[in-house]
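Atoms within a ligand are numbered from 1 in the order they appear, just like the ligands themselves. Any value given below was found using the heavy atoms of this structure, including those in side chains, with hydrogens, waters and symmetry copies removed.
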Amino acid sequence: MKALEEKIKREGTVLPGHVLKVGSFLNQRVDTIFLAKMAKETKRLFKGIKITKVLTVEASGIAFATAVAMALKVPMVFAKKHPSANVSGEQYFSPVYSFTHKTTYDIAVSKEYISSDDCILITDDFLANGNAIKGLIDIVHQAGATVAGCCAEIEKGFQGGGDEIRKMGYKMESLAIVENMSDTEIEFRGEKK
Ligand code: 5GP
């Protein structure tokens, strides 16, 4: 999505440890008009594919997943990262290594919110090594549901997670794929230098 690439170039900053900061429109302040455009583009990318729910992981995935689910007119479910007093009953769990916190934690979804007849679009804000999305795929499989596809707002292609998920046979779309990034330059997949 060209407009997203341009926005990342204008507003993104590269932090140590291969972290791209886009707090001005995506991770802290949310550009809601632009979010709706990203959701519309996601809907277009998955046109013709049956989707009954959108699934993401808290907290930073929630804004995009909600916008996509609103565009598709389906419910959104998010996995919780921490044991929570307001979760009751049986849950699906999957261990996920966190890129940002460098630790492994369980993500959890209540069994009552996903059923075996669901076709689920998995979304997230960022895709780096792919652990968050793979954990969500694991939960969809535990529920006996179908993965309709996966979509990240920003994929860091050089970290390999997106291509691994494609090799696993899933439809994996990203609205922007960063191929290289440094303090001075951000280059996107397919972009001529
Ligand atoms: P993965 O599991 O694919 O390695 O990492 C994806 C998760 O880590 C996302 O849910 C996102 O919250 C976080 N993340 C990974 N890389 C970045 C980054 O460069 N910037 C930001 N803001 N979050 C990131």
Contact region, S60 to ligand 1, non-hydrogen atoms below 4.0 Å, reads side chain
Out of G161, G130, A152, who gets a non-hydrogen atom closest to atom 3 (O) of ligand 1? G130
The protein heavy atom nearest to atom 13 (C) of ligand 1 is T100 CG2, 4.0 Å
closest protein heavy atom to atom 4 (O) of ligand 1 is N129 N, 2.8 Å
How does D125 reach ligand 1, by side chain, by backbone, by both or by neither, if only non-hydrogen atoms under 4.0 Å count? side chain
With sequence neighbours excluded, give me every salt bridge (Lys or Arg N to Asp or Glu O under 4.0 Å) pair touching residues 51-60. K53-D118
Any donor-acceptor N/O pair, K171 side chain to L45 backbone, under 3.5 Å: yes
is_close_aromatic(H18, F158), centroid dist under 6.0 Å: yes
Considering only heavy atoms, does N27 approach ligand 1 within less than 4.0 Å through its side chain, its backbone, both, or neither? side chain
Does M1 have more than 12 heavy atoms from other residues, nucleotides or ligands lying within 6.0 Å of its CE? yes
Residue part near ligand 1, for K156, under 4.0 Å between non-hydrogen atoms: side chain
Distance to 0.1 Å, residue and atom name: give those for the protein heavy atom nearest to atom 8 (O) of ligand 1. F99 CB, 3.8 Å
As a check for students: among A132, G17, G160, A128, identify the option with a heavy atom nearest to atom 2 (O) of ligand 1. A132
Below 3.5 angstrom, do we get any N/O pair linking L20 and ligand 1? yes
Between T123 (side chain) and T56 (backbone), is there a donor-acceptor pair under 3.5 Å? no
Can you establish whether the number of heavy atoms outside K9 located under 6.0 Å from its atom NZ is more than 12? yes
Side chains of V57 and K81: does their closest heavy-atom pair fall under 4.5 Å? yes
What atoms in ligand 1 come closer than 4.0 Å to a heavy atom of H18? 19 (O)
Quick one: which residue pairs count as a side chain to side chain donor-acceptor pair (under 3.5 Å) with a foot in residues 59-72, not counting sequence neighbours? S60-D125
Heavy-atom nearest neighbour in the protein, as seen from atom 10 (O) of ligand 1, with distance rounded to 0.1 Å: D124 OD2, 2.8 Å
L127 heavy atoms within 4.0 Å reach ligand 1 at atoms 3 (O)
Counting neighbours of OH on Y113 that are heavy atoms of other residues, nucleotides or ligands and sit closer than 6.0 Å, is the number greater than 12? no
Just heavy atoms, cut-off under 4.0 Å: does F126 contact ligand 1 by side chain, backbone, both, or neither? both
